[in-house]
Amino acid sequence: MKVRQHFFNKKPVMASQRYDASEVEARWQREWETRNLFATQPAAGDPRPNYYVLEMFPYPSGRIHIGHVRNYTMGDVLARFKRATGHNVLHPMGWDAFGLPAENAAMQNKVHPKEWTYANIDAMRAQLKSMGFSLDWDREFATCDAEYYGHQQRLFLDFLDADLIYRKKAKVNWDPVDMTVLANEQVIEGRGWRSGAQVEQRELTQWFAKISDFSAELLEAIDGLERWPDKVRTMQANWIGKSVGARIRFAIDGEAIGLIDEIECFSTRPDTLFGATFMALAADHSLSLALAENDANLAAFNEECRRMGTSVVAIETAEKKGFDTGVRVRHPFIEDKTLPVYVANFILMDYGTGAIFGCPGHDQRDWDFAVAHDLEIIPVIEPAEADAKPVTEEAYLGDGAMINSGFMDGLKKADAIEAAISHLEAADLGGSPQATREINYRLRDWGISRQRYWGCPIPVVHCEACGVVPEARDKLPVLLPDDIDVENPGNPLGRHPTWRNVECPQCGKPALRETDTMDTFVDSSWYFARFASPRAPTPTVAEEVNAWLPVDQYIGGIEHAILHLLYSRFFARAMKITGHLDVKEPFAGLFTQGMVVHETYQAADGTWLEPSQVQVSEKDGKRTAAQRDDGSEVRIGNTEKMSKSKRNTVDPDKIIAAYGADTIRWFMLSDSPPERDVIWTDAGVEGAHRFVQRVWRLVNDIAGLGDGAEAADAGAAQVTTTAHRTLDNVGTMIADLRFNSAVAQIYSLVNAIEKAPRESAHDRTALRAATAMLVQMFAPMMPHLAEECWRALGHNGLVCEVPWPAVDQSLLAVSEIVLPVQINGKRRAEISVATDLAKEEIIAAVLKLAVVENALAGKDPRRIIVVPERIVNIVV
RNA sequence: GCGGGCAUGGCGGAAUUGGUAGACGCAAGGGACUUAAAAUCCCUCGGCCGUAAGGCUGUCCGGGUUCGAGUCCCGGUGCCCGCACCA
């Protein structure tokens, strides 16, 4: 049994000939910085093709975590590779710096949010620099910089003018303790995530962005996002949620209620109309409200519906409750038939029209409601599935021919829907057709108001005389005040003594400044455009932003699949309309990388332990037991996402200090495909570091072979061919973001160089050339080691400035190839043939093989398949 | 419930898209060097049979298509993710 010690417990071994990462890396980082190598040239006037690679910018929480390291390493490999292949590369970095944590920290630690945020940015910038990323730091900005959010206010006003932003009353989650609105994601089981207080539904006037106007376009354009993962495209399509159907009007039987004499429903299944047995309204439907005015019981019921929680649990366990209003509507197809109208707790006011017709036979939810209220269930579809249960037991949701449906009897679903709509379109109700075709989307407008201090102020003023007045554009930015009271809950802007009181920009009379700030998702919806000209006096500069956008490769976590990426797509369209941009899609290529996960450890008393507190025992490669430093038993838990609560995090700084940035970069790229989770193990990191040392030894070895007189070329050495073949593969693999495969290729080349003959001058010349190519190939991945090796090989310049080597195509062609020979599909032999050998000759050669002759036993083969350069198969 | 994805040695994963399954790495075992260790180097490493040559078997399970299936089709199992009273 062997006890593996955690690397922090080990004394570092430091032999003099070993590669000293900390010294080397700091030196090359200084060199790159001195030469300002990664500053991007303006797109205008640069003859090279542009390439924009962007990783999702971080929230400045205070520390870089290992997930950032993985994300930015991938982007950096691509950026360095594209630079080497002749592109003008934009690879910027900034900070998504507004948001709640800064305010919470301010309350807890009595630090100003601004101070806290900028201190964090300084710390994290230093960490990123120690990773050796080829970022253009001249373009850095934070979204909380007055300059940035001032331009954002300008965009806001332009959007307002273009009717892309508006104000409306809306229901919001209100936390009565923290005195703020909470996003749906911040409400857990009906309680505020921070205060734990029961969240109330409040009606407040809020700012909204008209993203729903773009539903159809945002959905259709998904088809064009060919370099996006299918998963994200599907998620966005589902989120936008298109439903095709009809809006159908039902006449109220008898007297009108006030001005209301009909009810409109949206339905995707008008084919089931003959099975309709009731109608249900949302509590906030205009008819529900009108009827409640004279009915205290209904008013109480409506109130109960409104209070119903938004949590998943509340929805799953809720009964189908209803209140019979006594009102009845006439069935559109059946003379003299009327349907009872209920108010029901499962009808949503903000989808469709807030009213449905219920067909219990073929909708499970309607079925539940019908059973609860003793309503008729009429089957109108004859089940095509043999094992279908009768509609007395559950709703039938499958396909089949229509029954009990008058003119639709016998039709299939699609034809029946068409027939029903045509019928209703032709029918007249009060002077217009009884139904119109309609498409509904699930996507709602985006509420961007937040009752928070640490965000971008919404640049408008409320004047008693003039109403809502935009701030004058030459007064922008509307700055956040620095002198605030952060010690009390609620919005410090709302109780600021002077900041609120302003003159109306229009009439000059005293007015009040808007105290809402913008959702931080607004900040991240256009930062990628600002990077194209981050110091410009306008939000964007046409010739730069249109040259750089769309981002060629965007890299980030799947958790942003919907919100951030959808908002950004909307913003690009809004910016196009307002003249700030001339592309529609912000991100041409999207890559969602996996997480970094780590084993968890739990002590006997249930507390989670850090990896450094635990020793794991292994037997025959299996992890058998773990012990704490004091010898007590430790339970090995699941391997999961690194998190503070499970204490399974690894601090990048410590790894860099112990092994260097190149080691952690190499480890992040090895083994796991980039879209999948990577399991952090000490052994894996040590393996990566061994490779760094091995490459350094090899390069010095080759450099020490001496020049060797240039031998008369006796044909390419094997190692030259291998190097070019590897180069060809590595190039395509990096371009396809298949980093783990590129890493494997590089390992193989190192193996080949180590084993290659070194006897002749010709050998040595070939080896030196192959080794130089090797260094260039791993330069995007381990840039510091590459520079040091490049120098050791006798080159003067920097490897990161040397163009990517060209593949010698003539070396890729092989003259002879080993073909596997199958008999009846099983591999029985192999044969070495010239690549250009004719099929007949290959067959002739194969038939002479002893195994083949034995198998045939004098008979003719039934069939011979020859796939050139692949395989031969003899069917006996 | 709806939608999407994944399943290959002890482990992470390769496999040019239907053509030699297990590249490359990790772990493990054996050996060399060393007073000893570390580092390094060499060998073995899916399973079964065999001294060996070699044979059989093998990519979650059951069928199918094909000269040939990890890859395509049908059915199933198990995990993971997203959305969800959406009419």
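In what follows, every heavy atom counts, from backbone to side chain, and hydrogens, waters and symmetry copies are set aside. Order of the sequence lines sets the chain letters (A, B, ...), proteins ahead of strands, with each chain counted from 1.
Phosphate contact (OP1/OP2 of B/rA87, side-chain N/O of A/Tyr351, threshold under 4.0 Å): present. Dashed line: the shortest gap from a side-chain N or O of A/Asn751 to OP1 or OP2 of B/rG25 is under 4.0 Å. Between A/Arg690 and B/rC26, a side-chain N or O to OP1/OP2 separation shorter than 4.0 Å is present.
We find that CD1 of A/Ile356 is positioned 14 Å from P of B/rC85, with the value rounded to whole Å. A/Asp230 places its CG atom 15 Å from the C1' atom of B/rC81, with the value rounded to the nearest Å. The separation between A/Leu819 atom CG and B/rG19 atom C1' is 11 Å, rounded to whole Å. Taking atom CG on A/Leu669 and atom C1' on B/rC24, their separation rounds to 14 Å, with Å as the unit. At whole-Å resolution of the value, NZ in A/Lys320 and P in B/rA87 are 14 Å apart.
In this view, A/Glu262 and A/Arg249, A/Glu264, A/Leu429 satisfy the side-chain contact (heavy atoms from CB on, under 4.5 Å) rule, not counting sequence neighbours. With sequence neighbours left out, A/His373 forms a ring-ring contact (aromatic ring centres under 6.0 Å, His included) with A/Tyr342, A/Phe369. Residues passing the side-chain contact (heavy atoms from CB on, under 4.5 Å) test with A/Gln718, sequence neighbours excluded: A/Thr721, A/Thr722. When the side chain to side chain donor-acceptor pair (under 3.5 Å) test is applied to A/Arg569, the partners found at least two apart in sequence or on another chain are A/Gln236, A/Glu585.
No more than 12 heavy atoms of other residues, nucleotides or ligands sit less than 6.0 Å from atom CD of A/Glu226. Taking a 6.0 Å sphere around CZ of A/Arg227, one finds it holds more than 12 heavy atoms contributed by other residues, nucleotides or ligands.
Contacts between residues 264-280 of chain A and RNA chain B, counted as heavy-atom distances below 4.0 Å, involve A/Phe266, A/Ser267, A/Thr268. Contacts between residues 364-371 of chain A and RNA chain B, defined by a heavy-atom separation under 4.0 Å, are made by A/Arg365. Taken residue by residue, residues 234-246 of chain A places heavy atoms nearer than 4.0 Å to RNA chain B at A/Thr234, A/Met235, A/Asn238, A/Trp239, A/Ser243.
Consecutive Watson-Crick or G-U pairing (both distances under 3.5 Å) extending over three or more pairs maps onto RNA chain B as B:1-7 with B:77-83, B:10-12 with B:24-26, B:28-32 with B:40-44, B:46-49 with B:54-57, B:60-64 with B:72-76.
For the pair A/Asp677 (side chain) and A/Gly594 (backbone), a donor-acceptor distance under 3.5 Å is absent. At least one donor-acceptor pair under 3.5 Å links the side chain of A/Arg665 to the backbone N or O of A/Met781.
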Under-3.5 Å N/O pairs linking protein and nucleotides 65-68 of chain B:
{"unit_1": "B/rC67", "atom_1": "OP1", "unit_2": "A/Arg863", "atom_2": "NH1", "d": "2.6"}
{"unit_1": "B/rC67", "atom_1": "O2'", "unit_2": "A/Asn873", "atom_2": "ND2", "d": "3.2"}
{"unit_1": "B/rC67", "atom_1": "O2", "unit_2": "A/Asn873", "atom_2": "ND2", "d": "2.5"}

All N/O pairs under 3.5 Å across the protein-nucleotides 12-15 of chain B interface:
{"unit_1": "B/rG12", "atom_1": "O2'", "unit_2": "A/Ser672", "atom_2": "OG", "d": "3.0"}
{"unit_1": "B/rG12", "atom_1": "N2", "unit_2": "A/Asp671", "atom_2": "OD1", "d": "2.9"}
{"unit_1": "B/rA14", "atom_1": "OP1", "unit_2": "A/Asn740", "atom_2": "ND2", "d": "3.4"}
{"unit_1": "B/rA15", "atom_1": "OP1", "unit_2": "A/Arg738", "atom_2": "NH2", "d": "3.1"}

Using nucleotides 56-60 of chain B, report all nitrogen or oxygen pairs with the protein that are shorter than 3.5 Å.
{"unit_1": "B/rC56", "atom_1": "OP1", "unit_2": "A/Arg828", "atom_2": "NH2", "d": "3.3"}
{"unit_1": "B/rC56", "atom_1": "OP2", "unit_2": "A/Arg828", "atom_2": "NH2", "d": "3.0"}
{"unit_1": "B/rU57", "atom_1": "OP2", "unit_2": "A/Lys826", "atom_2": "NZ", "d": "3.3"}

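Sorted by first then second residue, the side chain to side chain donor-acceptor pair (under 3.5 Å) pairs that include residues 726-741 of chain A, not counting sequence neighbours, are A/Asn729-A/Gln745.
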